[in-house]
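Contents: one structure, followed by commentary.
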Amino acid sequence: MNTIDLRSDTVTWPTEAMRHAMATAPVGDDVYGEDPTINRLEAMAAACFGKEAALFVTSGTMGNVTSILAHCGRGDEIIAGRSSHIFVNEAGNPATLGGVHTWPLAVQPDGTLALADIEDAIRPDDPHYPRTGLVCIENTHNGAGGQPLSVEYTDTVGELAHRYGLKFHIDGARIFNAAAALDVPVDRLTQAADSVTFCLSKGLCAPVGSVIVGSHEFIYRARRIRKALGGALRQAGILAAAGIVALEEMTERLREDHANARLLAEGLASIPAITLDASTIKTNIIYFELNDAAPISADDLGVALAAEGIVIGSAYGGQKLRFVTHYWIKTAHVEHVVQRIRELLA
Ligand code: TLP
């Protein structure tokens with residue numbers, strides 16, 4: 001990359017190995033089920049997550065809404081976090097596309113939904129209410145600073161949802177970051193879930209795409225919904241080829257991004273004008289605030305850094321910023337960024 005771009009791990013460019021795999025991928029028409037590279041990626045994803053089947057989709061957003069619409073119908077309700085991507089950042093798609101209502105719950109600082117809150121939100125069978133159909137959690141939880149949710153917590157939410165006859169979906173856009181941070185296999189981490197969306201195009205560096213995994217029956221319904229949403233692609237093997245490299249080569253190295261995030265957080269936390277507890281950083285996402293000692297605003301800091309090729313985007317309301325580490329952010333970049341911010345905020 002030609003800039004130091006800390007806005008997100010979505011900004012990652014494909015690796016050389018991905019570009020080569022894309023250029024040489026065997027392809028076919030995926031709507032006929034004939035793209036061998038798509039079929040291979042989907043088989044790999046299902047095996048990796050210990051689920052029966054998988055479906056390639058264009059984005060994490062499409063993975064989540066396709067899953068929600070495969071589980072729920074009009075008049076149903078999902079339970080999701082108040083700061084979850086599903087509730088905040090997906091254009092209200094359960095409602096606009098599916099007539100599905102959302103009950104947003106408070107997200108705890110560790111990224112979880114309190115079990116008592118989930119249980120309280122499950123509706124009794126009463127014609128006044130929507131029908132609760134699905135519980136959604138996000139792992140890692142972006143809005144809580146990339147907090148990874150444990151196996152024990154995930155199992156407990158699954159048990160709770162299933163006890164009430166509900167389905168359980170994980171927005172695992174960054175589930176491989178969670179697995180790396182917790183040092184557990186991704187299939188164990190998602191064992192309790194009926195469906196999982198995971199992204200190839202974030203820390204795993206593929207240029208496009210996400211995958212949803214679940215039972216044969218769930219993926220059968222999801223495939224129809226993907227078609228209805230216009231997301232059934234043709235010779236999409238050129239995209240899946242990068243996804244295969246992502247699964248083969250890019251999951252273990254996420255630990256490097258976490259180490260760089262910790263280093264970055266510790267450096268930022270040592271700057272008096274910044275308020276940040278670096279000990280809370282578990283994966284690749286850092287939120288922090290400029291405090292009263294800062295001589296310039298968060299937006300002005302962004303403008304000053306952009307002039308030097310360091311891209312941090314604009315403030316998340318007030319003086320709050322988010323930095324995300326990824327494959328193209330190396331340790332030397334981290335040291336340089338901390339030094340420049342220290343100088344600009346002196
Ligand atoms: N998140 C993006 C923005 O949309 C906020 C980012 O820069 O972090 N689930 C989670 C937890 C996500 O963080 C995102 C993207 C998605 C789903 C959606 O993925 P895409 O962008 O592929 O639709």
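Counting begins at 1 with the first residue of the sequence. Quick caveat, the model's predicted, so the values are computed rather than measured. Just follow the structure's listing: the first ligand is 1, and inside any ligand the first atom is 1.
- A salt bridge between Glu217 and Arg223 is absent, with no side-chain N of the basic residue lying under 4.0 Å from a carboxylate O of the acidic one.
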Can you give each donor-acceptor pair under 3.5 Å made by side-chain atoms of residues 339-346, sequence neighbours left out, with the distance rounded to 0.1 Å?
unit_1, atom_1, unit_2, atom_2, d
Gln339, NE2, Glu343, OE2, 3.1
Arg340, NE, Glu308, OE1, 2.8
Arg340, NE, Glu308, OE2, 3.2
Arg340, NH1, Glu343, OE1, 2.3
Arg340, NH2, Glu308, OE2, 2.6
Arg342, NH1, Ser270, OG, 3.4
Arg342, NH2, Ser270, OG, 2.9

Donor-acceptor pairs are to be reported for all side-chain atoms of residues 114-122 against protein atoms at under 3.5 Å, with residues two or more places apart or in another chain.
unit_1, atom_1, unit_2, atom_2, d
Glu119, OE2, Tyr164, OH, 2.6

Protein N/O near ligand 1 N/O, under 3.5 Å, which pairs?
unit_1, atom_1, unit_2, atom_2, d
ligand 1, 1 (N), His85, NE2, 3.3
ligand 1, 4 (O), His85, NE2, 2.8
ligand 1, 7 (O), Ser8, OG, 2.7
ligand 1, 7 (O), Arg322, NH2, 2.8
ligand 1, 8 (O), Asn142, ND2, 3.0
ligand 1, 8 (O), Arg174, NH2, 2.9
ligand 1, 8 (O), Arg322, NH1, 3.0
ligand 1, 8 (O), Arg322, NH2, 3.4
ligand 1, 9 (N), Asp171, OD1, 3.2
ligand 1, 9 (N), Asp171, OD2, 2.7
ligand 1, 13 (O), Asn142, ND2, 3.0
ligand 1, 13 (O), Arg174, NH1, 2.9
ligand 1, 19 (O), Lys202, NZ, 2.9
ligand 1, 22 (O), Gly60, N, 2.8
ligand 1, 22 (O), Lys202, NZ, 3.3
ligand 1, 23 (O), Gly60, N, 3.4
ligand 1, 23 (O), Thr61, N, 2.9
ligand 1, 23 (O), Thr61, OG1, 2.6

All N/O donor-acceptor pairs, side-chain side in residues 94-101, below 3.5 Å, sequence neighbours left out:
unit_1, atom_1, unit_2, atom_2, d
Thr96, OG1, Gly92, O, 3.2
His101, ND1, Glu77, OE2, 2.7

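- Side-chain contact between Trp13 and Asp5 is absent, with no heavy-atom pair separated by less than 4.5 Å.
- In this structure, Arg262 does not pair ionically with Asp257, as no charged nitrogen and carboxylate oxygen lie closer than 4.0 Å.
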